[in-house]
Amino acid sequence: MNRKQTLITAFGIGVIGGYLLKKGLDLRTPSPERVLAAVKAHVKRDLRIDGAWIHLQPENWMNGPLRQWVYRGGLTESVDGEAVHYDFIADARTGAVLRLERQS
């Protein structure tokens, strides 16, 4: 095999390997809907949730020196007839709530 064929073969193997790796990692990441359900279950003992939303694409977030994939979203509850909004950040792999802040 000459050098050109070797490079084409190596490139093809790399592309296929990258695709398979991404598919494998996607299987380990819960869907945004599952993460939202986990967040709601976690906070339901403290908040009466009226509404909730989540971004469908995870994003890279810096938590101090740590970098991790997260979902951002929000929750709404009624307090004395007034809507109170909260923003949350949840780990994209586990669904754990990393931050929950009441909006001003």
Side-chain angles (χ1 to χ4, degrees):
M1 215 182 324
N2 65 25
R3 182 177 167 103
K4 185 176 181 180
Q5 290 174 328
T6 302
L7 287 174
I8 291 172
T9 302
F11 178 77
I13 291 171
V15 168
I16 292 169
Y19 175 77
L20 293 175
L21 179 63
K22 181 180 180 336
K23 283 294 188 186
L25 290 175
D26 287 346
L27 293 176
R28 294 188 314 176
T29 304
S31 70
E33 293 82 10
R34 284 185 105 168
V35 171
L36 183 59
V39 169
K40 288 167 59 174
H42 181 74
V43 301
K44 76 177 180 180
R45 63 181 164 240
D46 299 317
L47 303 174
R48 287 181 292 149
I49 309 266
D50 292 329
W53 60 271
I54 191 166
H55 285 282
L56 297 179
Q57 294 296 320
E59 63 183 70
N60 205 352
W61 180 62
M62 290 295 293
N63 185 10
L66 303 175
R67 184 180 299 235
Q68 59 195 122
W69 286 98
V70 299
Y71 286 109
R72 292 184 183 266
L75 305 168
T76 304
E77 75 166 334
S78 286
V79 176
D80 298 327
E82 295 287 323
V84 178
H85 303 281
Y86 297 87
D87 290 327
F88 69 83
I89 296 175
D91 187 278
R93 294 184 204 258
T94 65
V97 178
L98 302 174
R99 180 178 290 170
L100 180 66
E101 294 178 338
R102 183 178 175 159
Q103 291 181 353
S104 303

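Note that these values count all heavy atoms, side chains included, but never hydrogens, waters or copies made by symmetry.
Each of Arg102, Glu101, Arg99 was checked for a side-chain contact (heavy atoms from CB on, under 4.5 Å) with Tyr86, and the lone residue meeting it is Arg102.
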Check the pair His42 / Leu100 against side chain to side chain contact (heavy atoms under 4.5 Å, CB included), numbers first and verdict last.
CA-CA 11 Å; His42 181 74; Leu100 180 66; over 6 Å; no

Kindly indicate, with the supporting measurements, whether the criterion side chain to side chain contact (heavy atoms under 4.5 Å, CB included) is fulfilled by Leu56 and Glu33.
CA-CA 8 Å; Leu56 297 179; Glu33 293 82 10; 4.0 Å; yes

Worked check of side chain to side chain contact (heavy atoms under 4.5 Å, CB included) between Phe88 and Leu36:
CA-CA 10 Å; Phe88 69 83; Leu36 183 59; 3.8 Å; yes

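With hydrophobic clusters built from ILVMFWY side chains whose heavy atoms lie under 4.5 angstrom apart, Ile89 does not share a cluster with Leu47. Ile54 is not connected to Val70 by any chain of hydrophobic side-chain contacts under 4.5 Å among Ile, Leu, Val, Met, Phe, Trp and Tyr, and they are in different clusters.
Asp50 places a side-chain N or O within donor-acceptor distance of the main-chain N or O of Ser78, the cut-off being under 3.5 Å.
Listed by first then second residue, pairs satisfying side-chain hydrogen bond (donor to acceptor under 3.5 Å, both in side chains) with a partner in residues 51-62 read Glu59-Arg72, not counting sequence neighbours.
Here Val79 pairs with Glu77, Val84 under the side-chain contact (heavy atoms from CB on, under 4.5 Å) rule; sequence neighbours left out. Every side-chain contact (heavy atoms from CB on, under 4.5 Å) that Gln103 has, sequence neighbours left out, goes to His85, Asp87.
Counting all heavy atoms, side chain and backbone alike, Val35 lies closest to Ala90 at CG1-CB, 3.7 Å. The two residues Pro30 and Arg34 have their closest heavy-atom pair at CB-CB, 4.2 Å.
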